[in-house]
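Okay, structure first, notes after.
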Amino acid sequence: MSEQLIKNLMDSFAGESQANRKYLSYAKKAEAEGKLNAAKLFRAASDAEAIHAANHLKNAGKLLSTSENLQDAIKGETFEFESMYPPYLEHAKEVGNKAAEIGFYGAMEAEGVHAKLFAEALSNIDSTEEVFYYLCPLCGNIEYGIPEKCSICNVPGDKFIKY
């Protein structure tokens, strides 16, 4: 496959992925405003963009074995918490944007947890024991059980979402 084609597919994957998340956020906002028809359309479009993104990722040859995908996830999450978020967090502090600071801090800390969980999943790849994960809906922290409160952002444990 040509390098340009892979670049085009991955650029398309990135754009479609961003549209998916953006439209999902728009849907939640429309629901909060009582604009239910717009919310439904945003959700349908969000799902359509997810289909496009998945197709581009597959066509680029980036869907590998689960072990390879876990290794890729570890690499990505590690980059985010070690290299990407620290300077973003510092800049938010420098310019005095508390909301961005809180968001970057929560994401940075959660990405470290994600990397650890992916590494544990990789080391237990052949285990058939069922595992449940619990997601903090505010910062994205993931736990093995329901905590009393989120260790990153202090959200009450009863708000966590079970997977």
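Residue indices begin at 1 and follow the sequence shown.
I146 and F132 fall within the same hydrophobic cluster, where Ile, Leu, Val, Met, Phe, Trp and Tyr residues are linked whenever their side-chain heavy atoms come under 4.5 Å apart, directly or through other members. If you chain together hydrophobic residues whose side chains sit under 4.5 Å apart, Y163 and L117 fall into the same group. Under a hydrophobic-cluster definition in which Ile, Leu, Val, Met, Phe, Trp and Tyr are linked whenever side-chain heavy atoms come within less than 4.5 Å, directly or via other members, V131 and L135 are assigned to the same cluster. Linking Ile, Leu, Val, Met, Phe, Trp and Tyr residues whenever their side-chain heavy atoms come within less than 4.5 Å places I6 and L63 in a single cluster.
For the pair T66/I125, a side-chain contact is recorded, criterion being any heavy-atom separation below 4.5 Å from C-beta on. Contact annotation: the side chain of N141 approaches that of S151 to within less than 4.5 Å [non-hydrogen atoms, C-beta and beyond]. In this structure the side chain of E148 never reaches within 4.5 angstrom of the side chain of P156, judged on heavy atoms. For the pair L122 and I74, the minimum side-chain heavy-atom distance is below 4.5 Å. Between I152 and Y105 there is a side-chain heavy-atom pair separated by less than 4.5 Å. Annotation: side chain of M1 is in contact with side chain of L9 (closest heavy-atom distance under 4.5 Å). Between P137 and I161 there is a side-chain heavy-atom pair separated by less than 4.5 Å. Looking at M108 and L89, their side chains come closer than 4.5 Å, going by heavy atoms from C-beta outward.
Atom NZ in K7 sits 11.5 Å away from atom OG in S2 (nearest 0.5 Å). Distance CD/E16 to CD/E49: 4.5 Å, rounded to 0.5 Å.
At least one donor-acceptor pair closer than 3.5 Å links the side chain of N97 to the backbone N or O of A100. N20 places a side-chain N or O within 3.5 Å of a backbone atom of S46 that can act as its donor or acceptor partner. Not one N or O on the side chain of H114 forms a donor-acceptor pair closer than 3.5 Å with the backbone of A73.
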Check the pair E33, K29 against salt bridge (charged side-chain N to carboxylate O under 4.0 Å, His left out), reporting the backbone distance first and the verdict last.
CA-CA 6 Å; E33 293 176 354; K29 177 68 171 169; 3.6 Å; yes

Would you sort out whether E31 and R43 count as a salt bridge (charged side-chain N to carboxylate O under 4.0 Å, His left out), showing the intermediate values?
CA-CA 11 Å; E31 286 170 353; R43 284 194 186 281; 2.9 Å; yes

What do the steps show when you test Q71 against N69 for side-chain hydrogen bond (donor to acceptor under 3.5 Å, both in side chains), and what is the final call?
CA-CA 5 Å; Q71 291 169 9; N69 292 337; over 6 Å; no

Taking it one step at a time, do E68 and S65 satisfy side-chain hydrogen bond (donor to acceptor under 3.5 Å, both in side chains)?
CA-CA 5 Å; E68 291 166 310; S65 71; 2.9 Å; yes

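Remark: aromatic rings of Y133 and Y144 are close, center separation under 6.0 Å. Between F160 and Y134, a ring centre-to-centre spacing not shorter than 6.0 Å is recorded.
Between E120 and K116, at least one side-chain N (NZ, or NE/NH1/NH2) sits under 4.0 Å from a carboxylate O, which counts as a salt bridge.
Using modelled atom types and a 3.5 Å distance limit, the side chains of Q4 and N8 yield a donor-acceptor pair.
A110 and C139 get closest at one heavy-atom pair: CB-O, 3.6 Å.
Aromatic ring orientation, F42 versus Y23: tilted (interplanar angle from 30° to 60°). Taking the six-membered ring for Trp and thresholds of 30 and 60 degrees, H52 and H56 have ring planes inclined between 30 and 60 degrees apart.
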